[in-house]
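Accompanying notes for the structure given below.
Atoms considered below: every heavy atom in the structure, side chains included; atoms not considered: hydrogens, waters and symmetry mates. Indexing begins at 1, ligand by ligand and atom by atom, following the structure's order.
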Amino acid sequence: MSSEFLTLSTSLRERTAAQVSDSRLRSNLARATDAFADRKAAAYAQFADPEEVRAKARAAKGEVLRRLDQILERLADRLEAVGAQVHWARTDEEARDHVRRIVQTHSAHRIVKSKSMLSEEIALNEALEEIGSEVTETDLGEWIIQLAREAPSHIIVPAIHKDRTQVRDTLQRVAEGDLSDVPGELAAFARRELRQRFLQADLGISGVNFAVAESGTLVLVTNEGNGRLATSVPPVHVALLGMERVVETWEQLDLLLALLPRAATGQPITTYVSAITGARRPKELDGPRELHVVVVDNGRSSILGTEFTEMLACIRCGACLNVCPVYRQTGGHGYGWVYPGPMGAVLTPLLVESKGAAEVPNASSLCGACWQACPVGIPLQDMLLALRRRASEEARLGERAAWGAWAAAWSRPWAYRASLRLASMAARMFNPSKVPGPPQRWALGREVPTPARHSFRDQWRKGSR
Ligand code: SF4
């Protein structure tokens with residue numbers, strides 16, 4: 001991903017200004033998100049009682065989060081029992097180290113990847129390219145933004161911000177002849193190109209939508225079949241699993257699998273649902289010889305047990321993005337990190353400690369549309385409010401120190417007089433256009449009253465002489 005597109009070092013206002021004024025981007029976003037919302041409504045209508053399903057899913061995820069440590073241990077035991085190797089990563093650095101080590105052990109130069117937001121979170125592609133590997137994203141949207149050197153703009157549809165002409169122009173960079181902008185022809189071109197990469201790959205990397213602890217099964221849902229190829233054609237498969245993406249039973253999986261595609265793209269089920277239980281066994285004809293599962297914490301355990309615990313129930317469906325009035329105007333890049341929209345506005349400050357991250361919860365109108373859309377009922381707007389409160393309390397530390405100094409000065413007569421004189425001089429010299437940095441915007445809209453040339457005290461003293 002390009003840091004040009006993802007950075008928390010600029011202000012939210014700066015990051016979103018360009019997107020908001022890009023009418024093409026806004027119309028691309030509106031077209032795609034409206035289509036998802038319409039299809040989602042039709043897919044949810046297939047449930048006898050959608051609210052009941054949502055309540056059950058919320059309860060199931062809540063139960064898993066309450067016993068997450070035990071369920072993860074059970075998952076690890078089952079994974080090892082079916083022949084997978086489990087690696088625990090507390091941080092993004094540890095996760096990258098595990099994958100780099102596996103890649104180097106196998107001298108894996110050509111790597112194919114199926115879509116994984118967790119790999120974006122830990123900046124895995126860059127880490128692998130640094131050691132000389134050639135990484136190819138094989139989800140069509142991910143491949144497009146990889147070629148464009150951009151970051152995903154949506155967690156389900158990474159290239160949602162591009163229309164077909166822009167997609168054609170991006171794919172043209174690797175095409176020999178001229179491409180048309182007919183979607184079917186562009187997809188056929190991508191299929192031909194990527195097929196070769198699958199066949200030549202030394203190692204495949206995937207994310208994991210759900211891991212089932214009772215059987216040690218990794219479940220991937222995709223619409224393009226690339227996930228199945230990336231996890232079964234290369235001789236080694238590395239699966240990246242966010243520690244919260246586990247369920248205990250197939251019954252819980254059944255519930256969440258019914259919700260994820262409906263909420264994400266309005267499909268009753270995705271085209272491919274792959275359930276991977278271990279590596280290739282003797283006498284089996286295909287599948288990887290080795291399966292590695294990297295279980296990533298990277299700040300998640302510090303959310304557990306806080307008022308934000310429920311954020312770990314997120315199944316990454318993207319429904320909250322599609323309905324968010326802010327996301328629909330700005331797209332994903334303005335949020336500054338890998339997770340955009342309401343879910344990103346909550347997750348970013350919880351996983352990244354920085355001033356830029358603390359500002360992201362402001363990218364919300366608090367209308368509650370995200371909560372209504374969320375298939376597991378995460379109270380996103382309450383969390384956004386709590387994060388804003390937290391950020392403003394931290395920002396107020398400086399304010400409190402200033403009031404403290406003022407109170408201390410004004411409790412001593414000599415300091416009181418000196419501060420009045422100083423304030424009077426400063427007010428005379430005040431010029432809003434000369435105020436440096438961001439406070440200038442505040443200063444330009446204000447007038448400071450000109451203090452009297454002689455203070456009341458001076459006049460009193462003079463009159464009483
Ligand atoms: S917060 Fe809810 S709606 Fe948003 S991505 Fe997560 S599960 Fe989907």
Side-chain angles (χ1 to χ4, degrees), residues 29 32-33 36-37 39-41 43-44 47 50-51 53-65 115-118 120-121 141 152-158 160 207-210 219 221 242-247 252-253 255-267 270 300 303 306-328 330-332 335 337-351 360-361 363-387:
L29 286 169
T33 51
F36 286 143
R39 290 212 296 259
K40 181 187 169 206
Y44 262 60
F47 289 132
E51 277 308 313
V53 183
R54 176 158 106 140
K56 279 186 182 164
R58 187 179 186 195
K61 284 296 291 187
E63 177 57 24
V64 168
L65 291 173
K115 188 172 161 311
S116 158
M117 288 307 294
L118 180 53
E120 304 280 349
E121 179 187 320
S153 182
H154 189 286
I155 59 172
I156 295 292
V157 196
I160 193 170
V208 177
N209 291 99
F210 301 103
V219 178
V221 297
M243 63 183 265
E244 80 284 19
R245 307 301 296 276
V246 65
V247 293
Q252 290 169 338
L253 174 74
L255 188 60
L256 296 172
L257 264 187
L259 283 168
L260 174 59
R262 280 185 169 86
T265 50
Q267 294 167 282
T270 47
R300 286 159 174 76
I303 301 175
T306 71
E307 62 186 309
F308 305 106
T309 300
E310 235 185 314
M311 194 58 225
L312 297 173
C314 174
I315 57 172
R316 305 289 193 269
C317 69
C320 56
L321 280 63
N322 299 339
V323 296
C324 174
V326 176
Y327 176 86
R328 286 165 56 91
T330 63
Y335 290 80
W337 200 47
V338 288
Y339 299 114
M343 58 80 74
V346 175
L347 258 188
T348 302
L350 294 178
L351 296 181
V360 183
S364 166
S365 64
L366 299 180
C367 62
C370 49
W371 168 74
Q372 276 177 338
C374 180
V376 286
I378 300 173
L380 289 154
Q381 79 283 8
D382 294 347
M383 293 185 183
L384 288 164
L385 257 181
L387 285 163

Any atom of ligand 1 sitting under 4.0 Å from a heavy atom of G318? yes
So for L321 against ligand 1, with non-hydrogen atoms under 4.0 Å, the contacting part is neither
Is any side-chain N of the basic residue among R300 and E121 closer than 4.0 Å to the acidic one's carboxylate O? yes
Nearest-contact summary for atom 2 (Fe) of ligand 1 - protein heavy atom, Å: C374 SG, 2.4 Å
So which protein heavy atom does atom 4 (Fe) of ligand 1 come closest to, and at what separation? C320 SG, 2.3 Å
Check whether any side-chain N or O of N322 sits under 3.5 Å from a backbone N or O of T33 as a donor-acceptor pair, and report yes or no. no
May I ask you to identify the nearest protein heavy atom to atom 7 (S) of ligand 1, giving residue, atom name and distance to one decimal place in Å? I315 N, 3.4 Å
State whether E244 and K61 are salt-bridged, where the test is any N-O pair (Lys NZ or Arg NE/NH1/NH2 against Asp/Glu carboxylate O) under 4.0 Å. no
Compute the minimum heavy-atom distance from P375 to ligand 1 and say whether it is under 4.0 Å. yes
Would you check if P340 and S153 make a side-chain contact, meaning some heavy-atom pair closer than 4.5 Å? no
Compute the ring centroids of Y339 and W337, then answer whether they are less than 6.0 Å apart. yes
Measure the distance from atom 6 (Fe) of ligand 1 to every protein heavy atom, then report the residue, atom name and distance (to 0.1 Å) of the closest one. C314 SG, 2.3 Å
Of the non-hydrogen atoms in L29 and T330, which two are nearest, and what is the gap between them? CD1-C, 4.0 Å
Using a distance threshold of 2.8 Å, state whether an N, O or S atom of C317 lies below it from atom 2 (Fe) of ligand 1. no
